[in-house]
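The next block holds one structure in the form of structure tokens; read it before the comments.
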Amino acid sequence: MLFLQTLVNGLALGGLYALAAVGFSLVFGVLGIVNLTHGIFLVAGSYGALLLWEHLGIDPILSIPPVAIVLFGVGYVYQRTIIHWAVSRASLVASLVVTFGVAMIIRNLLQLWFGPDIRTITPSYSFSSVTFFDLRIDLVRLIALGMSLVVLLLLTALLRHTHFGRSIRATAQQPLAASLCGLDVERLYAKTFGLGAALAGASGAIIGIVQPFSPATEAGWTLNAFIVVVLGGIGSPAGALLGGVLLGLINTLTAQYIAPSMTNAAMFLVLVAMLLFRPHGLLGNAMGESR
Amino acid sequence: MTATPRKLFLAFIVVLLAIGAVLPGYVSPYHTRVVMGFFMFAGLASAWNILGGFSGYWSFGHAAFFGMGAFGAAKISTALGAAAGSPAAMILPVAGATLIVAVFAALIAYPILRLRGIFFAIAMLGVSQVVTELVNNVSWIGGGVGVFMPSPVPAGTRPEVFYYYIFGALLLLIILVTYAIRRSKIGYGLLAIREDEDTAKMLGVPTEHYKIASFVLSGVLVGILGAVYGYSLGYMSTGSVLRLDIGLNMIVFCIIGGIGTIWGPVLGTAIMLFITQVLLSGFLDIHLMITGGIVVLMILLMPSGVLGFFNAKRWIRFRERAR
Amino acid sequence: MQRRTILKSGGAMMLAGLTPLGAAFAQGQEIVLGGSVPMTGDSAETGLNLLRGYECAVKFINEEMGGVDVGGTRYTLRLDLFDDASDPSRGTTLIQRQVDEGVNFFLGSFPSRMVLPTASITEAAGRVMVQAGGAADDIFTQGRRRVFGLYPRASRQFISPVNLFRSLEPSVERISILYTNSPYASAQARGAEAAIREAGIELADLIELPTSVNDVTNVLSQIRASNPDVLICLTADETSILIARQMVQTDTNVPLLFQSLGPQNAAYTDALGSYAEGVTTLAAWSENVAYSGNYFGTATEFANYYRANFDRQMTYHMAAGAACVCTIAEALKTAGTVEIDPVTEALRNTDFECFYGHIRFTPEGDGDPDLMGTIVLQIQNGERVVIAPDGAKNAEPVYPVPNWRDRT
């Protein structure tokens with residue numbers, strides 16, 4: 001029973017990790033950029049949901065669309081300016097340093113604005129739980145898991161069946177050929193980046209009701225996203241889901257059967273091991289050849 | 001470089017050394033500490049540069065070596081039960097910590113150096129996180145509770161002066177090592193790896209050996225600095241030495257000064273420390289923003305660092321004159 | 001040779017020009033209190049709390065009491081604090097700067113790993129530090145003579161809660177402990193473990209958590225299985241909220257939930273609402289304690305003055321920070337001079353009552369564990385009331401606390 005409960009906890013946690021990582025994964029797969037600002041976008045989403053909740057009483061689930069739209073705009077402009085300049089003037093690895101620098105700036109701004117204190121969003125349902133036989137799972141986690149599945153399915157449909165999705169995939173696989181076919185690659189990059197930021201913001205709004213957050217929690221989310229991508233695979237919602245669930249299971253199983261204090265060590269150990277043996281994840285790079 | 005500028009340059013270095021040797025007698029303890037911090041960070045950046053600058057393998061996890069050096073020395077010093085007040089008591093713990101770092105670096109070097117670019121960078125970040133978590137959570141190591149290190153500073157010597165000379169000597173050593181490597185066959189091999197690893201390999205450069213050698217050397221030098229830093233703090237827990245910002249500062253300082261050059265890391269450290277610790281130390285709540293802003297601006301405006309920027313300018317002027 | 005001299009003096013001048021040397025000297029009637037607090041970085045939350053406490057006391061002493069009377073001369077106090085960002089390299093360098101500038105009296109940073117390296121510098125320079133940010137035993141057990149801490153050292157802090165558990169009816173048979181692997185919490189856990197075993201209570205679990213936790217549902221499954229009478233959480237604020245929330249969500253009930261950090265703050269009650277009812281916590285201080293004395297009057301009067309002048313939500317850190325400043329002021333008054341040695345001597349013999357409690361240091365410099373030991377608070381009807389020790393309490397403990405489902 002304890003084992004089953006551990007599995008259930010791991011799945012619920014995994015859904016959250018998957019959602020938190022999918023935007024990062026998309027940007028990595030299409031643009032080849034490791035976006036260290038990802039965690040900041042996520043935490044910004046949490047703060048956005050918090051503002052809407054505190055001032056207008058809007059439920060965090062309903063605040064997903066406005067938060068996502070704002071972050072789409074931020075991501076779009078960010079890619080067209082700073083990211084684009086960094087990649088064209090320096091290198092892809094330099095973009096790692098640039099996004100880190102930007103993360104420092106925004107983290108500082110969030111600290112000035114909201115203070116360094118820990119915040120939570122607590123709608124009325126945040127203390128309820130669901131029980132099947134002896135298995136317990138809290139309602140917010142169940143909602144988060146459901147929402148992340150919905151978002152991942154929507155994203156899959158978007159990538160498979162729309163013109164925009166097909167262009168993104170084409171650009172990721174063969175940027176040159178795509179531009180020869182008349183696609184505006186630069187604009188597509190910006191849109192993809194915006195989509196990545198929007199997904200981060202959406203997951204932030206959901207994470208806000210599940211876990212306490214502060215500006216300092218951003219670094220952890222960025223690292224988690226990287227682990228999820230390296231575990232599951234680059235660029236695809238399915239890869240993010242697989243990676244997220246595996247990470248969730250690793251987390252809860254370690255906590256239960258080794259020691260709760262070793263969960264982070266286990267997660268990073270898996271990261272290093274995966275990088276050494278299968279750096280493109282179990283499902284590989286969904287977006288064309290490896291870089 | 002013609003003979004005259006080279007002589008001038010050498011004279012300049014000698015003067016700097018002479019100033020460095022007598023400086024603590026003339027300036028306040030605070031300035032001694034500022035310069036001591038500069039020595040340490042310049043040493044860290046130069047050591048990182050041996051791998052990251054020359055071979056192009058950007059490690060985001062060198063903080064792991066720093067922390068291992070510090071905690072290795074602390075464990076050995078505790079085991080030996082060394083008495084306070086004797087500089088000689090530092091020798092064994094620091095040497096032991098160096099050995100630990102060397103063995104660790106050698107063990108992970110081969111598998112991890114098969115990764116390239118961003119994957120290598122992040123794998124090293126992962127390594128440093130694993131080390132951090134283990135140091136923090138394995139109670140035998142004691143990073144969670146904090147460990148105490150007896151002060152090796154002899155009675156009557158001011159601690160900041162004592163560490164000033166140790167870090168100064170270490171920086172000198174690291175620069176000499178960098179110089180030697182840059183001029184050696186390995187140095188040219190590493191540069192070839194940075195430009196095009198596959199071609200270098202095809203042309204018969206023993207890329208694996210060179211990469212592993214520079215990885216281990218770079219890690220060991222960082223480890224030694226970590227061990228001495230641990231002593232200078234006297235008491236440390238995980239968060240004192242295994243800090244993400246230490247690993248990132250090494251990269252940032254190199255980028256600012258000029259990555260892959262001999263003096264770039266030193267210059268970059270001087271510039272950044274001057275700005276953040278001296279000029280802007282009064283700006284309490286925005287120093288994260290300032291550091292981040294400088295990093296972003298540097299990458300966008302001078303991607304090859306201050307030295308690279310001026311070298312390029314000189315090159316352009318030279319070409320214009322030649323026309 | 002000449003060139004070298006020029007360069008050298010030029011270099012020295014350049015360095016000297018960078019710092020406003022002398023700016024921080026006690027000019028005329030002013031006494032400077034130096035030191036650092038983390039205003040950014042991992043420990044910023046507590047750092048800002050301490051800072052507001054320091055500011056509050058300095059404001060009160062200067063504006064309401066007209067400064068400090070030192071041997072017939074009135075001095076005002078001035079704070080000169082900087083941000084150490086929880087980075088020891090930054091902290092030690094800038095503390096050295098203040099030492100050079102002639103600052104004699106220092107307030108402390110947070111946590112222990114910042115306090116100890118900075119205190120080593122002030123101690124070596126013969127300056128004085130009074131701090132409320134570090135309680136690690138090493139700060140006090142290495143023979144420092146001029147470092148004083150308001151809190152008893154970490155290993156001595158658990159005596160008063162365990163006394164409370166022993167007095168509860170029906171009697172407490174089993175206790176489980178969850179603790180974060182931080183220097184402070186680990187030392188606290190060891191102290192708690194020793195105190196619990198000494199009291200003859202069974203220790204059902206002793207579980208270590210990592211510094212940053214996302215999920216404790218598994219740990220809670222284990223707690224449900226071992227079913228203790230008291231669950232002690234020695235965790236940071238964020239983790240405490242997470243644990244309590246997941247306990248509600250998973251319906252993990254214990255007769256008494258004790259959390260060392262978190263329930264003191266409004267963020268906790270905001271996050272948990274009526275589920276916070278009955279949670280107990282450790283505090284160095286509460287505005288409900290029955291202490292009073294010079295400076296601010298009673299604990300409640302301190303709280304009122306603070307709220308009238310500062311926005312930041314009050315915690316015991318503000319009171320502890322303010323008490324540090326009052327302790328220095330009291331020592332200056334007793335010594336009747338601003339010379340360091342007599343003031344240090346006065347600090348060593350500190351013995352006065354104020355809103356914070358009866359202040360007295362052990363020979364090693366930490367707070368006297370009998371007088372300045374921790375108090376135990378319980379959230380009852382939304383208020384944080386004091387339920388132990390007997391000398392400070394203003395309400396009786398509620399035990400056992402109703403199940404989560406019945407707390408509305």
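A note on names: the letters A, B, ... follow the listed sequences, proteins ahead of strands, and every chain is numbered from 1.
No other option in Asp251(C), Leu178(C), Thr46(C), Val216(C) has as many heavy-atom pairs under 4.5 Å with chain A as Asp251(C). By number of non-hydrogen pairs under 4.5 angstrom with chain C, the leading residue of Gly10(A), Pro212(A), Ala255(A), Ser214(A) is Pro212(A). Contact count versus chain C (heavy atoms, under 4.5 Å) is highest, among Leu253(A), Asn9(A), Asn224(A), for Asn9(A).
With a 4.5 angstrom heavy-atom cutoff, Leu209(C) touches chain A via backbone and side-chain atoms both. Interface remark: Leu48(C) contributes side-chain atoms only to the contact with chain A (heavy atom separation under 4.5 Å). Heavy atoms closer than 4.5 Å to chain A are found in the side chain of Gln246(C), but not in its backbone. With a 4.5 angstrom heavy-atom cutoff, Arg141(A) touches chain C only via side-chain atoms. Using a 4.5 Å cut-off between heavy atoms, Ile121(A) contacts chain C through its backbone alone, with no side-chain atom that close.
Between Gln249(C) and Val140(A), the shortest heavy-atom contact is NE2-CG2, 3.4 Å. The minimum heavy-atom distance linking Glu238(C) with Thr217(A) is given by the pair OE2-CG2, 3.4 Å. In plain terms, the two heavy atoms of Thr122(A) and Asp270(C) that are nearest each other are OG1-O, 3.7 Å.
The distance from atom OG1 of Thr6(A) to atom CD of Gln222(C), rounded to the nearest 0.5 Å, is 10.0 Å. We find the OG1-CG distance between Thr120(A) and Leu272(C) to be 7.5 Å, quoted to the nearest 0.5 Å.
Inspection of non-hydrogen atoms places no residue of residues 201-208 of chain A under 4.5 Å from chain C. Residues of residues 13-25 of chain A lying under 4.5 angstrom from chain C, judged on non-hydrogen atoms, are Leu13(A), Tyr17(A) by number. Residues of residues 266-274 of chain A lying within less than 4.5 angstrom of chain C, judged on heavy atoms, are absent.
The number of heavy atoms from other shown groups lying within 6.0 Å of CD (Glu383(C)) does not exceed 12.
Sorted by first and then second residue, the side-chain hydrogen bond (donor to acceptor under 3.5 Å, both in side chains) pairs involving residues 96-105 of chain A (not counting sequence neighbours) form an empty list.
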Problem set entry | side-chain contact (heavy atoms from CB on, under 4.5 Å) evaluation trace for Met262(A) with Glu208(C) | CA-CA 9 Å; Met262(A) 287 298 160; Glu208(C) 193 173 285; 5.8 Å; no
